[in-house]
Every structure is written in structure tokens, then in C-alpha cells.
*Asks:* 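Once you've had a glance at the structure underneath, I'll fire off some questions.
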Amino acid sequence: VGGPFWREGKEPLAEMSENKAEEPQNSQDLTVFVQNLLQQMESDAVTLIMKFSYFYLQQGRFQTMSDAIIDRIDEMGNRIDDLEKSIADLMTQAGFDENEAKKEAEAAQKAAQQEEQPKAQEN
């Protein structure tokens, strides 16, 4: 099973213990082994930092795009509100009363229903 995601499956200690012929036999071998291990750890740390930096960069771009979309939605909402207000103003200037229009529509609907009732009773 692999190690942490930034290691990409590299496990120098596990490889070392599996291959006993490569185990450090003296202080010079141990020094080389430790230097190699430190280089690998440094490489892993750099890789990890780069991946996290990329993640935060992408997160920043996503946040910027999200903010822009939300700003556009807010702008469209404001424009719709302005349009509704303009329509209401035009209706008022034209002498159109919304309540009167509703009453007229209801009266027309009742008249239509009353006309249909005698026809339904005849059938």
C-alpha cells in the first residue's frame, strides 16, 4: 500500500529493510543513507509545498470566479427591480390601476362562468 499522496509510492525505509544487502554496514554507508533519506524528504517537502500552493492558487481562482458570478447575479437582480419599478411607474402614468384590472378580470371570469352554467344544465 502506498504512502502519503505526496510521496507517490516512494518508501526508502521500507525498500531498505526489504533489501538487507543495501543496509548500511559502516559509518560511511550510514552517512550516505542518511543524506539520501534527507534529500528524499526535502524533495517530498518541496513536492508537498508545490501541491498545496497549486491547490490554494486554484482555490483563489475559484473564489474570484464565484465572487464575479455573485456580483453579476446581484447586478441582474438590481436591474430586474429597476425594470419592475419602471413598469409600475408607466402603468401609473397611463392611469392603469392594478386593483381595477384584477376586479375587471374577476368580473369577466364570473360572467363567463355564469354563461357556461345554463349551457351545462341544458345538456
*Asks:* Can you list the steps and then say if Asn26 with Leu30 is a side chain to side chain contact (heavy atoms under 4.5 Å, CB included)?
*Replies:* CA-CA 6 Å; Asn26 55 42; Leu30 183 59; over 6 Å; no

*Asks:* Within the supplied structure, the quantity of interest is the number of heavy atoms (other residues, nucleotides, ligands) at a distance under 6.0 Å from Glu75 CD; does it exceed 12?
*Replies:*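 More than 12 within 6.0 Å, yes.
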
*Asks:* State the CD-CD distance between Gln109 and Gln114, to the nearest 0.5 angstrom.
*Replies:*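 Atom-to-atom, Gln109:CD and Gln114:CD are 11.5 Å apart.
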
*Asks:* Using the side-chain hydrogen bond (donor to acceptor under 3.5 Å, both in side chains) criterion, which residues pair with Lys110? Sequence neighbours excluded.
*Replies:*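 Applying side-chain hydrogen bond (donor to acceptor under 3.5 Å, both in side chains) to Lys110 gives none.
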
*Asks:* Transitive ILVMFWY cluster of Val46 at side-chain heavy atoms under 4.5 Å: who else is in it?
*Replies:*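 Hydrophobic cluster check, Val46: joined to Met50.
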
*Asks:* Who passes side-chain contact (heavy atoms from CB on, under 4.5 Å) against Gln58, sequence neighbours left out?
*Replies:*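 Applying side-chain contact (heavy atoms from CB on, under 4.5 Å) to Gln58 gives Tyr54, Arg61.
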
*Asks:* Should side-chain heavy atoms under 4.5 Å link Ile, Leu, Val, Met, Phe, Trp and Tyr, which residues sit in the same cluster as Ile69?
*Replies:*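 ILVMFWY cluster around Ile69 also holds Ile73.
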
*Asks:* Measuring from Thr92:OG1 to Ile87:CD1, what's the distance to the nearest 0.5 Å?
*Replies:*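 Result: 11.5 Å between the selected atoms.
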
*Asks:* Using a 4.5 Å cut-off on heavy atoms from C-beta on, say whether the side chain of Leu57 contacts that of Ser53.
*Replies:*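 No - every pair of side-chain heavy atoms lies 4.5 Å or more apart.
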
*Asks:* Side chains of Gln40 and Asp44: do they bring a donor and an acceptor to under 3.5 Å?
*Replies:*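 Short answer, yes.
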
*Asks:* Just jot down the side-chain hydrogen bond (donor to acceptor under 3.5 Å, both in side chains) partners of Gln63, sequence neighbours excluded, or say none.
*Replies:*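 Once residues adjacent in sequence are excluded, the partners of Gln63 under the side-chain hydrogen bond (donor to acceptor under 3.5 Å, both in side chains) criterion are Asp67.
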
*Asks:* Give every residue pair that meets the salt bridge (charged side-chain N to carboxylate O under 4.0 Å, His left out) criterion with at least one member in residues 81-91, sequence neighbours excluded.
*Replies:*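 Of all non-adjacent pairs touching residues 81-91, those that pass salt bridge (charged side-chain N to carboxylate O under 4.0 Å, His left out) are Lys85-Asp89.
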
*Asks:* Roughly how far apart are Asp71 CG and Ser66 OG, rounded to 0.5 Å?
*Replies:*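 With rounding to 0.5 Å, CG (Asp71) is 10.5 Å from OG (Ser66).
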
*Asks:* Nearest 0.5 angstrom please: Ser86 OG to Gln93 CD, how far?
*Replies:*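 One gets 9.5 Å once the value is rounded to the nearest 0.5 Å.
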
*Asks:* Hey, could you give me the CZ/CZ distance between Phe62 and Phe55, rounded to the nearest 0.5 Å?
*Replies:*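 Here the rounded value is 10.5 Å.
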
